[in-house]
Protein chains: 2
Amino acid sequence: MARGRTAPRLVDVAERAGVSLATASRALSGRDGVSPAVAQRVQEVASELGYVVNAHARSLAGGSASVVGLIVHQIDDPYFSEIAAGVISVAYEHGITVQICHSARDPENELRQIRTLIANNVRAIIVAGSGYVGEDVETAAKRELAAFQDTGGRVAVIGRHALRADAVLPDNEDAGAALAEHLVELGHRRIAIASGTVNLTTVVDRLAGIERALAGHGIDIDDLPLVEAEFTRDGGAYATERIVADHPATTAIIALNDAMAIGALATLRSHGIAVPSHMSVVGFDDVTVAADLAPSLTTVRLPMTEMGADALMMALKDHSSRPRRRHTGHELMVRDSSGPARV
Amino acid sequence: MARGRTAPRLVDVAERAGVSLATASRALSGRDGVSPAVAQRVQEVASELGYVVNAHARSLAGGSASVVGLIVHQIDDPYFSEIAAGVISVAYEHGITVQICHSARDPENELRQIRTLIANNVRAIIVAGSGYVGEDVETAAKRELAAFQDTGGRVAVIGRHALRADAVLPDNEDAGAALAEHLVELGHRRIAIASGTVNLTTVVDRLAGIERALAGHGIDIDDLPLVEAEFTRDGGAYATERIVADHPATTAIIALNDAMAIGALATLRSHGIAVPSHMSVVGFDDVTVAADLAPSLTTVRLPMTEMGADALMMALKDHSSRPRRRHTGHELMVRDSSGPARV
DNA sequence: TTGAAAGCGCTAACAA
DNA sequence: TTGTTAGCGCTTTCAA
């Protein structure tokens with residue numbers, strides 16, 4: 001391989017500026033203990049040479065890493081791509097880059113990704129996917145992340161996890177309650193639920209909110225049909241097929257996220273079932289496209305981009321000993337996909 | 001800071017396996033010169049310990065980097081998040097992680113991101129955004145990337161760029177032609193174009209295809225209204241407002257990507273203009289949600305996920321001296337948003 | 001087939 | 001305020 005001109009190194013800058021390596025290093029990372037005049041000179045030389053610090057060397061030498069890791073279930077799910085956009089924008093402001101990994105909703109795989117990020121010595125790890133239900137599933141991850149934190153790593157999670165870390169907590173339960181209230185007020189009683197897999201805390205929490213609100217109206221959620229499927233558009237389509245076939249009296253479908261709701265709307269359309277006159281459909285998240293569907297989707301807005309931004313900001317901030325928890329708001333977005341129950 | 005147990009290092013593995021550092025290194029990176037028995041033993045010990053190689057140390061020591069960079073315009077644009085999913089999945093298979101940066105459709109910013117990735121010594125850089133029109137805009141980036149390639153870095157681009165690199169070339173021109181043909185066949189003549197900013201090669205190429213097809217039917221594209229706006233949903237909404245207000249005779253709108261088409265559909269709906277009976281709308285890309293819109297969107301499918309996967313695979317493959325170029329196919333997806341021109 | 005040892009480019013003690 | 005120097009964890013010659 002032809003070896004061209006190599007990137008300038010810190011020694012090059014130091015030599016050219018007539019200072020030592022240490023001084024150059026201090027000047028460039030903006031630490032004090034350098035006279036302003038020298039600092040400026042070094043910085044000039046550096047930009048003259050187009051010098052950019054070698055992140056690997058810096059990190060290896062014990063300097064602060066300039067990379068953060070972000071674990072999502074699947075980046076081409078709008079819920080996660082909006083969170084990622086928030087993370088990336090905050091990272092950009094801090095001169096940090098973002099490594100994104102897929103957990104594919106598999107705790108095993110998530111653990112593997114966490115290990116990789118830790119080995120890469122990232123500055124912080126943001127776990128954006130839902131937590132998993134059950135004692136044991138996250139214990140290994142918990143241990144690894146705790147060790148990571150003990151050595152100065154930062155961790156923030158989005159959603160309810162068994163992990164001891166700063167957390168951005170989406171208002172899942174209250175959002176579920178708001179949605180259920182909304183449907184009940186419209187006169188719906190025969191409500192069906194298109195649910196994601198119940199090993200996800202997000203699913204469990206949304207269901208809990210729905211249960212609570214319905215109970216307030218004397219409706220037992222256990223009496224309602226619930227179809228468990230993938231937490232995706234296709235899962236929503238599948239669940240809706242089942243609901244339509246097995247529970248024809250249903251007047252409203254609660255999909256546990258917008259992706260499932262989109263699948264539900266598609267299935268209903270293909271069956272010629274009118275929304276909302278014959279069937280109401282509601283979702284969760286308010287992904288960007290929700291307002292542009294036809295009928296536009298009634299859903300609960302969670303501020304995904306902000307959640308991503310907040311998670312990284314929390315992780316970057318000076319650490320108090322106790323993990324912080326920050327609850328998001330939620331906002332019921334009543335649109336055209338929900339209407340009075342048919343009689 | 002309490003210093004807990006640190007991640008296991010290669011020495012730990014070597015010691016535990018009773019071999020030297022060098023042997024352990026060789027065994028784990030699958031190089032030969034190690035007896036199978038020893039190699040296996042080392043690998044067992046490593047996974048027992050949950051050992052993951054420190055990417056910084058490996059990279060600094062001259063080993064191959066395990067990170068690739070991906071530059072997109074905006075990750076929460078489905079076009080890019082689908083490409084990213086393709087890149088991530090191939091990366092995963094190769095034990096590589098992906099750093100994602102936003103260029104925000106700004107060549108300056110893109111250059112900055114490229115510099116950062118190079119300084120991070122990534123194994124490869126994938127530039128997924130459109131190229132920019134004009135001599136000078138990409139020259140600095142071109143120079144930096146060339147130097148990067150000279151020192152063994154790999155580069156692949158998606159879309160037409162002024163960069164000398166492996167390229168995945170979306171079939172933009174033919175796709176534009178196919179769409180224009182489709183509309184002409186339906187009897188449309190008063191066609192308006194909701195265009196992204198014409199400094200993007202993607203926009204220029206799609207327009208070229210449209211122009212060619214229309215010319216074949218005696219229509220001069222310059223006689224048609226073209227509104228230039230942001231290459232986004234809101235840009236599409238804005239352009240459509242303008243088209244509806246200034247060119248009421250229009251019977252079909254070509255939006256230059258699906259995001260703009262979604263904005264167009266929303267605007268038409270808010271004006272009570274029926275699609276397709278009063279106005280046809282077509283887009284480009286076939287993002288996942290396009291089929292689930294109502295009316296479902298007629299568009300041209302580009303295999304985004306595959307494009308991302310291909311780009312990384314090309315970049316990772318052994319390098320021939322000449323850059324390779326790989327054209328994607330395209331597929332006209334005729335759905336419900338296009339219909340015969342009203343009279 | 002294996003091991004010993006010299007760095008990769010940087011930061012952070014420690015000295016001056 | 002500045003300089004000297006010992007590593008960070010790994011790969012890779014070179015020697016055995």
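Convention: sequence-line order gives letters A, B, ...; per-chain numbering from 1. What you are looking at is a predicted structure, and each value in this text was computed from that prediction instead of being measured.
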Can you check each nucleotide of nucleotides 10-16 of chain D against protein heavy atoms at under 4.0 Å and return B for base, S for sugar-phosphate only, - for none, in 5' to 3' order?
BSBB---

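- Each ring-ring contact (aromatic ring centres under 6.0 Å, His included) pair with one or both residues in residues 11-70 of chain A, not counting sequence neighbours, appears once here: A/His56-B/His56.
- Of the residues in residues 35-42 of chain B, not one comes within less than 4.0 Å of DNA chain D through any heavy atom.
- Side-chain contact between A/Leu111 and A/Lys142: absent, with no pair of heavy atoms (C-beta onward) separated by less than 4.5 Å.
- Contact between A/Val38 and A/Thr23 at its shortest, heavy atoms only, is CG1-CG2, 3.8 Å.
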Test side-chain contact (heavy atoms from CB on, under 4.5 Å) on A/Val68 and A/Ile125; report intermediate values, then the result.
CA-CA 6 Å; A/Val68 298; A/Ile125 296 178; over 6 Å; no

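- Rounding to whole angstrom units, CG of residue A/Asn121 and P of C/dC10 are separated by 16 Å.
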Starting from the C-alpha separation in whole Å, work towards a yes-or-no answer on salt bridge (charged side-chain N to carboxylate O under 4.0 Å, His left out) for B/Asp106 and B/Arg112.
CA-CA 10 Å; B/Asp106 169 6; B/Arg112 208 169 307 135; 5.5 Å; no

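- Other residues, nucleotides and ligands contribute over 12 non-hydrogen atoms within 6.0 Å of the CD atom of A/Glu44.
- Taking the six-membered ring for Trp and the full ring otherwise, the centers of B/Phe80 and B/His73 sit less than 6.0 Å from each other.
- Atom CG of B/Asn120 and atom P of C/dC10 are 12 Å apart (whole Å).
- Two residues are said to be in side-chain contact when any heavy atoms from C-beta on lie closer than 4.5 Å; B/His102 and A/Ser89 fail this criterion.
- The end-to-end axis angle of the helix from C/dT1-D/dA16 to C/dA16-D/dT1, rounded to 10 degrees and based on five pairs per end, is 30°.
- Listed by chain and residue number, nothing satisfies the side chain to side chain donor-acceptor pair (under 3.5 Å) test with B/Arg325 (two or more places apart in sequence, or in another chain).
- Partners of B/Thr97 according to the side chain to side chain donor-acceptor pair (under 3.5 Å) rule, which considers only residues two or more places apart in sequence or in another chain, are A/Gln99.
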